[in-house]
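Each chain gets a letter, A, B and so on, in the order the sequences are listed, and its residues count up from 1. Note that the structure is predicted; figures quoted are calculated from it, not measured.
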There are 2 protein chains.
Amino acid sequence: MKNIVKVERARMNLTQADLAEKVSVSRQTIIAIESAKYVPSAILVLKIAKVVGKPVEELFELEDGD
Amino acid sequence: MKNIVKVERARMNLTQADLAEKVSVSRQTIIAIESAKYVPSAILVLKIAKVVGKPVEELFELEDGD
DNA sequence: ACAAAATGTAAAGTTTGTTTTACATTTTAA
DNA sequence: TTAAAATGTAAAACAAACTTTACATTTTGT
């Protein structure tokens, strides 16, 4: 799975810490997600999508092998 | 978070085992999701949404306290 | 040029998602 | 009515998502 969270965060002019606070996770979690270090939970992607104002499918995309 | 996976599965006339196979997880995982026993990963909700043919946000809904 | 802010890396510990296995119960089909 | 199919429950084990803490590096703003 890949995502455009970093791009959207920049578009909204938010720091990682800002976004982390808005979705109630640690900054490290945002870093991990943006760098695809691990797969976030459904709750988290729904929250991020809500903050960004776009559907989950637009931010996160399945890849072969997922 | 709550979901309507069970309803959509019934609408498509799939068993839990059918859906489990389509999204490459165990049947127990489908049971756990339908009964909100635990929160699925982003990859899994994307896969289920794809099989069902509806956006993630339509199948899964954030609740207070999430 | 320099300090503050932002981002990045790492690690250890905790929590949770998922698996497998087994059996019980309910529902469905004939 | 009965057997097969589907669903449900439980538990143990494992992998991974997440946290906190700390420090390093890069970027930004003045």
Side-chain angles (χ1 to χ4, degrees):
Chain A
M1 183 171 79
K2 60 184 182 183
N3 71 73
I4 59 167
V5 172
K6 189 166 191 173
V7 171
E8 290 301 317
R9 181 172 57 79
R11 184 179 61 80
M12 297 181 72
N13 205 36
L14 296 175
T15 63
Q16 294 177 332
D18 290 337
L19 180 57
E21 188 181 326
K22 284 181 182 299
V23 296
S24 305
V25 294
S26 66
R27 181 178 68 87
Q28 259 67 26
T29 299
I30 297 299
I31 293 170
I33 291 167
E34 291 186 348
S35 59
K37 186 172 179 181
Y38 54 65
V39 176
S41 70
I43 284 183
L44 193 41
V45 294
L46 279 166
K47 283 183 174 181
I48 292 173
K50 190 172 178 183
V51 168
V52 168
K54 292 190 172 181
V56 169
E57 277 89 350
E58 221 175 291
L59 301 183
F60 298 87
E61 182 183 331
L62 287 171
E63 289 180 306
D64 291 345
D66 280 341
Chain B
M1 182 171 79
K2 59 183 181 182
N3 71 74
I4 58 166
V5 172
K6 189 166 190 173
V7 170
E8 290 300 319
R9 182 172 58 79
R11 183 179 62 80
M12 299 179 74
N13 205 36
L14 297 175
T15 64
Q16 294 178 331
D18 291 336
L19 180 57
E21 189 181 326
K22 284 180 183 301
V23 297
S24 305
V25 294
S26 68
R27 181 178 68 86
Q28 259 65 27
T29 298
I30 297 299
I31 292 171
I33 292 167
E34 292 186 348
S35 59
K37 186 171 178 181
Y38 53 67
V39 176
S41 70
I43 284 183
L44 192 42
V45 294
L46 280 166
K47 283 184 174 181
I48 292 174
K50 190 171 177 184
V51 168
V52 168
K54 292 189 171 179
V56 169
E57 276 89 350
E58 222 175 290
L59 301 183
F60 298 88
E61 180 183 333
L62 288 172
E63 290 181 303
D64 290 347
D66 283 339

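- The two residues Ala49(A) and Pro55(A) have their closest heavy-atom pair at CB-C, 4.3 Å.
- Taking Lys54(B) as the reference, Glu8(B), Arg11(B), Val52(B), Glu58(B), Leu59(B) meet the side chain to side chain contact (heavy atoms under 4.5 Å, CB included) condition, with sequence neighbours excluded.
- In this structure, the CD1 atom of Ile30(B) is 15 Å from the P atom of dA6(D), given to the nearest Å.
- dA17(D) atom C1' lies 14 Å from atom NZ of Lys47(A), rounded to whole Å.
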Give each protein N/O atom lying under 3.5 Å from an N/O atom of nucleotides 12-14 of chain D, with the pair distance.
none

Grab the N/O contacts between the protein and nucleotides 28-30 of chain C below 3.5 Å, and write none if there aren't any.
none

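- With sequence neighbours left out, Glu21(B) forms a side chain to side chain contact (heavy atoms under 4.5 Å, CB included) with no residue at all.
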message = side chain to side chain contact (heavy atoms under 4.5 Å, CB included), that's the test. Do Glu63(A) and Lys2(A) meet it? Break it down for me.
response = CA-CA 7 Å; Glu63(A) 289 180 306; Lys2(A) 60 184 182 183; 3.5 Å; yes
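- For Ser26(A), the side chain to side chain contact (heavy atoms under 4.5 Å, CB included) test picks out Gln28(A), Thr29(A), with sequence neighbours left out.
- Of the residues in residues 52-65 of chain A, none lies under 4.0 Å from DNA chain C by heavy-atom distance.
- Hydrophobic clustering of Ile, Leu, Val, Met, Phe, Trp and Tyr side chains at less than 4.5 Å, counting indirect connections, keeps Val23(B) apart from Ile31(B).
- A search for side-chain hydrogen bond (donor to acceptor under 3.5 Å, both in side chains) contacts involving Glu34(B) returns Arg9(B), Gln16(B), not counting sequence neighbours.
- Atom CD1 of Ile43(A) is separated from atom P of dT19(D) by 12 Å (rounded to the nearest Å).
- Under the side chain to side chain contact (heavy atoms under 4.5 Å, CB included) criterion, Ala17(B) pairs with Thr15(B), Arg27(B), sequence neighbours left out.
- Both Met12(B) and Val7(B) belong to a common hydrophobic cluster when Ile, Leu, Val, Met, Phe, Trp and Tyr are linked at side-chain heavy-atom distances under 4.5 angstrom.
- Atom CD of Glu21(A) is separated from atom P of dC18(D) by 18 Å (rounded to the nearest Å).
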request  = Evaluate side chain to side chain contact (heavy atoms under 4.5 Å, CB included) for Val56(B) paired with Val45(A), printing each intermediate quantity in order.
outcome  = CA-CA 10 Å; Val56(B) 169; Val45(A) 294; 5.5 Å; no
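- By the criterion of side-chain heavy atoms lying less than 4.5 angstrom apart, applied directly or through intervening Ile, Leu, Val, Met, Phe, Trp or Tyr residues, Ile4(B) is grouped together with Leu46(A) in one hydrophobic cluster.
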note = Heavy-atom contacts, protein to nucleotides 9-16 of chain C, under 4.0 Å, summarised as B (base), S (sugar-phosphate only) or - (none) per nt, yield BB------
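- Using a 4.0 Å heavy-atom cutoff across all strands shown, Ser41(B) reaches sugar-phosphate atoms only and no base atom.
- Residues forming a salt bridge (Lys or Arg N to Asp or Glu O under 4.0 Å) with Glu57(B) (at least two apart in sequence, or on another chain): none.
- When atom types are taken as modelled, the side chain of Asn13(B) and the backbone of Ala10(B) share no donor-acceptor pair closer than 3.5 angstrom.
- Closest non-hydrogen pair, Ile33(B) versus Val5(B), comes out as CG2-CG2, 4.4 Å.
- Contacts between residues 8-18 of chain B and DNA chain D, defined by a heavy-atom separation under 4.0 Å, are made by Arg9(B), Thr15(B), Gln16(B).
- Across the protein-nucleic acid pair, Glu34(B) atom CD and dA6(D) atom P stand 14 Å apart, rounded to whole Å.
- The two residues Val25(A) and Ile30(A) have their closest heavy-atom pair at CG2-CD1, 3.9 Å.
- When the P atom of dG8(D) is taken as reference, atom CD1 of Ile33(B) falls 14 Å away, rounded to whole Å.
- For residues 40-50 of chain A, the set of pairs meeting the side-chain hydrogen bond (donor to acceptor under 3.5 Å, both in side chains) definition, not counting sequence neighbours, is empty.
- When the C1' atom of dG8(D) is taken as reference, atom NZ of Lys6(B) falls 9 Å away, rounded to whole Å.
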